[in-house]
Amino acid sequence: MTNSTKIKQSGEPGNQLSSHFIKTLISRDLEEGKHGGRVRTRFPPEPNGYLHIGHAKSICLNFSVAAEYGGQCNLRFDDTNPAKESQEYVDSIKDNIRWLGFEWNGEVRYSSSYFDTLFEFANQLIASGHAYVCNLSPEQSREYRGTLMEAGRNSPDRDRPAAESLALFAKMRAGEFAEGECSLRAKIDMSSPNINMRDPVLYRIRHISHHQTGDQWCIYPTYDFTHCITDALEGITHSLCTLEFEDHRPLYDWILNSLDLKSIRAASVLADSDSPYVLPRQTEFAKLKLNYTMMGKRNLRTMVEEGVVSGWDDPRMPTIAGMRRRGFTPASLRNFCESVGVSRREGVVDLGMLEHAIRDDLDKHAPRAMCVMKPLKVEIGNIPEGDVIQLSLANHPKDESMGRRDVPLTREIFIDRSDFEIDPLPGFKRLIAGGEVRLRGAYVIKCHHVERDSRGEVVLLHCSADLDTLGKKPEGRKVKGVIHWVSATDGKTVSIRLYDRLFLVENPEAKDIENYRDCLNPDSLIEVSGAVVEPSVFEGSNLRFQFEREGYFYRDGDLTATENPVFNRTITLRDSWAG
RNA sequence: UGGGGUGUCGCCAAGUGGUAAGGCACAAGGUUUUGAUCCUUGCAUACGUUGGUUCGAAUCCAGCCACCCCAGCCA
């Protein structure tokens, strides 16, 4: 629906738009013929949680940059820590990436499917004197590591003969040691100012089964050992990651350079290729931060567990799943990521940018309809009871290709309570007692009498329609206001969920905030029952609408249920009226 | 007090020695049967700061300041 136009959209995957330092880098590599014209990136999520808008930035970057240069992007689950991972996450991640509109190169990859090769390379490193089995416990090893200010000390096992380490490593693999009893470490420099270079652990013992490899292994490689090698095996040319990995780049390079290049190539996808073989290069960029939202995996989990939201796909969550249920379109998310740019500066993007992206897409693509949130009955005296005037309204004010729909007008209609005022503020241009307004797409009506109940609440407006105002301006006077309405006899009752930002403060993750619950927006969800929507909304298969003057809405829940349909408000319309 | 980064409009962000793009937000007009959209206009003598090099610096050099990341057998 929203993606149906054939015109090249700015947010289409791979469409060239902005420029940034990573593209500059790739262009230069291409000009120099560095990789024989190849560009290959990868998106390497660990399947230990749900994807959020921050991941979307990385996904868009990796996939679109590859597409733009005629390359490909691999999807590789970086599953080296089975304790935290599960199949549930790999499934949802794949689903989210496809929904965003991207297609990965070939089959899904797993770091775990390279475990055999990784094990061989580890042995190679030991044999060449670049790694050793260390018997220090995790606690001891922490002591030996030193601090930011002080150098570390060498492990007593550091100079153990390669043959001995080889034998020990084989025993580690065979399951002869308990967890934490020993580990495989790189032999680099315990006095390096970069702590990552102080003989980092390459393999640790974990007697647990893995979601992909089952009980085949009881030793698992670490991120640092795995990532660079799997990149190299897959022929990745540009390994893009976030800024916090910058300090790991020397290690990334150290491991690859300590291995035999020929054997890496022989094990890689380029083994039989004529293409020059060049090791991958890691490049870091700033991750996305959004104000008024928490992005930390841990924090999001807390909100789910504490029931502050209904789940990972609660429409207020910044998860892809949540935003999808909220009504965001794939194109809007892609456009947003594009507009945010890519740099090395850690900034905080204003939520307004995201809101602009979704409004921009929905304004162009969402058909219009009318929905009255808080119904106030209006009786139009000069429309006979039982008469149904079928009006034909455009689905979009500017795009005729979106067609028209029939909207029934009857003697009794509903308008929104907020569109009628007894004591209007200056500038109010909707209906007042004795005044006139335009019913959108229909006649100008005049309010003659206001009926109240015993408590003084307005319950019915007696009006008349100027039958000479359909499709034309009233004669002799100006009627400024236009309000939406729905036939009281033909309208359908629906439930509406009005969503707003979850937090009241710009940075809910700030350190000085004791409890995030203190900054929750109490009005982040307002449930409205008894709203009335025009019948055309259920006539097609479309799920996204602009309810005129209210905002953009997305049909949620069981679509086959005829009882009480639910619409989530994706975003309001911009409202420049102070009131 | 170690190492690695970053500092251009309220927010993102171009710019890579020749005299400050763009988007968001905001403001003012115009169009409008959505107080929407759309259109027009405005919005940094200024690039963290202090010096230096140069005919000329946001761009080069030096010092200073601020902020971010690193001491998981997490990624």
Side-chain angles (χ1 to χ4, degrees), chain A residues 18-20 24 44-46 48 78-81 83-85 134 136-139 141-142 145-152 179-185 192-198 200-206 219-220 222-224 226-227 241-250 284 286 288 291 297 338-357 359-360 363-364 368 370 393 396-398 427-430 437-444 469-473 479-484 546-551 572-579:
Chain A
S18 62
S19 179
H20 51 68
T24 305
E46 183 188 14
N48 70 344
D78 208 358
D79 55 350
T80 56
N81 185 4
K84 296 184 172 180
E85 302 155 4
C134 174
L136 254 25
S137 70
E139 298 70 39
S141 129
R142 193 185 321 126
R145 184 159 38 232
T147 67
L148 294 178
M149 303 301 299
E150 303 157 33
E179 293 187 10
E181 207 175 324
C182 54
S183 63
L184 181 71
R185 296 229 256 158
S192 171
N194 180 348
I195 293 181
N196 295 302
M197 299 298 268
R198 319 241 263 231
V201 169
L202 268 20
Y203 266 88
R204 71 289 216 186
I205 299 168
R206 288 290 111 96
I219 58 172
Y220 293 95
T222 57
Y223 163 83
D224 286 310
T226 307
H227 210 91
C241 64
T242 45
L243 253 25
E244 69 267 29
F245 290 100
E246 192 155 19
D247 288 345
H248 293 247
R249 191 174 54 209
E284 312 83 17
L288 174 69
N291 60 11
K297 216 170 252 183
E338 182 71 42
S339 72
V340 148
V342 179
S343 76
R344 292 176 60 85
R345 189 180 162 190
E346 297 185 314
V348 180
V349 173
D350 194 290
L351 239 205
M353 286 243 213
L354 216 210
E355 297 180 341
H356 173 264
R359 285 197 183 104
D360 191 50
D363 173 62
K364 291 188 185 79
R368 264 107 256 223
M370 292 191 284
L393 271 58
H396 190 106
K398 294 185 168 179
F428 185 80
K429 52 184 207 184
R430 285 107 88 164
V437 260
R438 160 79 62 181
L439 292 182
R440 167 111 253 230
Y443 302 100
V444 168
T469 55
L470 189 60
K472 57 178 173 180
K473 298 199 184 330
V479 175
K480 271 193 181 167
V482 179
I483 64 174
H484 55 100
Q546 182 199 102
F547 288 156
E548 295 203 58
R549 304 210 307 133
E550 292 288 357
T572 61
L573 254 29
R574 277 184 74 215
D575 184 5
S576 57
W577 192 53

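We name chains A, B, ... by the order of the sequence lines, and we start the count at 1 in each one. Note: hydrogens, waters and symmetry copies are ignored here, and every other heavy atom, side chains too, is used.
A heavy-atom distance below 4.5 Å is not found between the side chains of Val437(A) and Val444(A).
Taking only side-chain nitrogens and oxygens, Ser343(A) comes nearer than 4.0 Å to OP1 or OP2 of rA13(B).
Annotation: salt bridge (charged side-chain N to carboxylate O under 4.0 Å, His left out) contacts of Arg359(A) (sequence neighbours excluded): none. Listed by chain and number, the residues in a side chain to side chain contact (heavy atoms under 4.5 Å, CB included) with Met197(A) are Ile188(A), Ser192(A), Asn194(A), Pro250(A), Leu251(A), Trp254(A) (sequence neighbours excluded). For Glu179(A), the salt bridge (charged side-chain N to carboxylate O under 4.0 Å, His left out) partners are Arg206(A), not counting sequence neighbours.
Rounded to a whole Å, the CD atom of Glu338(A) is 12 Å from the C1' atom of rA13(B). One can place CE of Met353(A) at 15 Å from P of rG22(B), the figure rounded to the nearest angstrom. Rounding to whole angstrom units, CD of residue Glu355(A) and C1' of rC26(B) are separated by 15 Å. Spacing between atom CZ of Arg344(A) and atom P of rU16(B) amounts to 19 Å, rounded to whole angstrom units.
Here the separation of rU49(B) from rA66(B), taken at their C1' atoms, is 10 Å to the nearest Å. For the C1' atom pair drawn from rG42(B) and rU34(B), the interatomic distance equals 27 Å after rounding to whole Å. One C1' atom belongs to rG56(B), the other to rU45(B), and the distance between them is 16 Å to the nearest Å. Between rC69(B) and rA13(B), the two C1' atoms lie 22 Å apart (nearest whole Å). For the C1' atom pair drawn from rG15(B) and rG23(B), the interatomic distance equals 16 Å after rounding to whole Å. With both ends at atom C1', the span from rC26(B) to rU1(B) equals 45 Å, rounded to whole Å.
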When you check every protein heavy atom under 4.0 Å of nucleotides 32-38 of chain B, what one-letter string (B, S, -) results, 5' to 3'? -BBBSBS
Protein within reach of the bases, or only the backbone? For nucleotides 64-75 of chain B, mark each nucleotide 5' to 3' as B, S or -, using heavy atoms under 4.0 Å. ----SBBBSBSB
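Within 4.0 Å of Val444(A), counting heavy atoms only, lies no atom of the nucleic acid at all. Residue Val479(A) is out of contact with every strand shown, counting any heavy-atom pair closer than 4.0 Å.
With respect to Val482(A), the side-chain contact (heavy atoms from CB on, under 4.5 Å) criterion is satisfied by exactly one of Arg438(A), Arg430(A), Glu548(A): Arg438(A). When the options Arg574(A), Arg368(A), Lys398(A) are evaluated for a salt bridge (charged side-chain N to carboxylate O under 4.0 Å, His left out) with Asp363(A), the one that passes is Arg368(A).
Distance check, rounded to the nearest 0.5 Å: CG of Leu470(A) to OH of Tyr443(A) gives 4.5 Å.
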Dot-bracket for RNA chain B, please, read 5' to 3', with Watson-Crick or G-U wobble pairs under 3.5 Å on both distances, ( ) within the strand, [ ] crossing, | other strand, . unpaired. .(((((((.[[[..)..(...]]].(((((.......))))).....[[[[[..)....]]]]])))))).....
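Phe428(A) and Trp577(A) have tilted rings, their planes meeting at an angle from 30° to 60° on a 0 to 90° scale.
The environment of Lys297(A) atom NZ is dense: over 12 non-hydrogen atoms of other residues, nucleotides or ligands sit within 6.0 angstrom.
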